[in-house]
2 protein chains.
Amino acid sequence: MTQDTPPEVSTRDALIEAGMALLAEGGPEALTLRRAAARAGVSHAAPAHHFKGLRGLQTAIAIRAFADFNRAMITHRDAAADTPFERLAGICDGYLAFVEGQEGLFHLMFTAAEVDRDDPDFRAGATRAYGLLRAGCAPFTGGADLVFEGAVWSAVHGYATLGFTRKRGQAGGENPPPFRALLRLIVPDRPDHLGPVSAK
Amino acid sequence: MTQDTPPEVSTRDALIEAGMALLAEGGPEALTLRRAAARAGVSHAAPAHHFKGLRGLQTAIAIRAFADFNRAMITHRDAAADTPFERLAGICDGYLAFVEGQEGLFHLMFTAAEVDRDDPDFRAGATRAYGLLRAGCAPFTGGADLVFEGAVWSAVHGYATLGFTRKRGQAGGENPPPFRALLRLIVPDRPDHLGPVSAK
DNA sequence: ATTCAAGCTTGACAGTGTAAAGCTTCGCCG
DNA sequence: CGGCGAAGCTTTACACTGTCAAGCTTGAAT
């Protein structure tokens, strides 16, 4: 088409976006190097020039997903009432909202085998996500408290992966409890100025 | 219920065990219908007579894994000191010990895409696991309390899937906190006879 | 003008899941 | 006793996957 400044996205970006679309439409099994290439309008071997195999494409997708993921947490946090609990709950809401809409991406981000977790960009995205959560926890702990952070992080992640975001959890058959109730259990309803919630 | 005197294991069992070995040795990617068949000493098409495709084999493996998983929780629980907290912590210890030793199986049991979660035997195993946890929670809640159970379940599951059982968590770079510390945060250190820990 | 590397294509290969067809073998019923 | 029918298994075949090797084009740098 036009040929002034590159108006068409780079092949690399086109492949990433095609892969994300495949993931959203057909789940992890539908994400295929050849299909992504076809959808991006290039030959089946083109991806090899941009990624280190399928693993590389999946890693690139996961990196982009972390950007969206972090944005979702920030958006929900900033839309919440300006209290420590509501801001932390907002972060978790963003976390869970992302999972609900993008299970394929979530699977790529947190389920180990198919992604290169040593990729520096991937680590940066994951570290940034943890930093957001940590910042949300800080008002309750007066700094970094691995126990408290670990409890909140585990709770929201477990809640998501156990399928509580869907109508019925995968283990029990009953309706799942709302996440805020779980969070209340970890975050004591008390003034914020009392210092760390878990001793040492 | 099964036939009494087949001295050599059935092909079906041989396939399941071959698959579990592959999973343990090479991770989820190494579990292949053809490889399992070869290791079991049958042709590559034999599995089709016992399972509904690869999905069926993976489901059968997950079902067997749940039996081991539940046994691990029971063993650790029964070896613990006879207090409500120690028994619940023991269940969680069993949970985490299983994950540490059998990440491939754990992945199959709890990561959705590759298994038929509607299989009745699979559901039975998962429900039994949840029942064990629920029983461990009961002394603190005076019965079934979805919020408390969900918090403990999410915490231990999140702790496991986030890689806290390894030296360093995948998100933060620091040493992970011990799980018991997280559990202490959810299970208040208080007499057991005060009734449910979460109101309503 | 030449070179050279990046980007892309075509072609090939081993490995995968799965379906179809044929072969054994054993239990059961006539 | 005879046959027969289904279960279990093998062989064959096919479409699809990831990956590699070789060639083609193109554009910028030397």
### Message
With salt bridge (Lys or Arg N to Asp or Glu O under 4.0 Å) as the criterion, how do A:Arg39 and A:Glu25 come out once you've worked through the C-alpha distance, each side chain's angles and the decisive distance to 0.1 Å?
### Response
CA-CA 13 Å; A:Arg39 184 178 284 231; A:Glu25 292 169 12; 3.0 Å; yes
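Listed by chain and number, the residues in a side chain to side chain contact (heavy atoms under 4.5 Å, CB included) with B:Gln102 are B:Phe98, B:Leu105 (sequence neighbours excluded). In this view, B:Thr32 and B:Arg34, B:Arg35 satisfy the side chain to side chain contact (heavy atoms under 4.5 Å, CB included) rule, not counting sequence neighbours. Checked against side chain to side chain donor-acceptor pair (under 3.5 Å), B:Asn70 has no partners two or more places apart in sequence or in another chain.
Separating the NE2 atom of B:His49 from the P atom of C:dG17 is a distance of 16 Å, rounded to the nearest angstrom. Look at CG on A:Leu54: it is 16 Å from P on C:dT16, rounded to the nearest Å.
Read 5' to 3', the first and last nucleotides of DNA chain D with an atom closer than 4.0 Å to a heavy atom of chain A are D:dT17 to D:dC20.
Listed by residue number, the members of residues 18-37 of chain A with any heavy atom below 4.0 angstrom from DNA chain D are A:Thr32, A:Leu33, A:Arg34, A:Arg35.
A donor-acceptor distance shorter than 3.5 angstrom exists from the side chain of B:Thr59 to the backbone of B:Asp116, with no hydrogens or angles considered.
At least one side-chain heavy atom of B:Phe122 sits less than 4.5 Å from a side-chain heavy atom of B:Arg117.
In this structure, A:Arg71 fails the cation-pi test against A:Phe66, since its NZ or CZ atom is not both closer than 6.0 Å to the six-membered ring centre and inside 45 degrees of the ring normal.
Interface remark: the B:His44 side chain does not form any donor-acceptor pair with the C:dG15 base, using a distance-only criterion of under 3.5 Å.
Classified by interplanar angle (parallel below 30°, tilted 30° to 60°, perpendicular above 60°), the ring pair B:Phe69/B:Phe106 is tilted.
Taking the charged nitrogens against the carboxylate oxygens, A:Arg55 and A:Asp119 have no contact shorter than 4.0 Å, which rules out a salt bridge.
For the helix from C:dA1-D:dT30 to C:dG30-D:dC1, the rotation axes defined at the first and last 5 base pairs enclose an angle of 10°, given to the nearest 10°.
No close placement of the B:Phe179 and B:Tyr95 rings is indicated, their centers lying 6.0 Å or farther apart.
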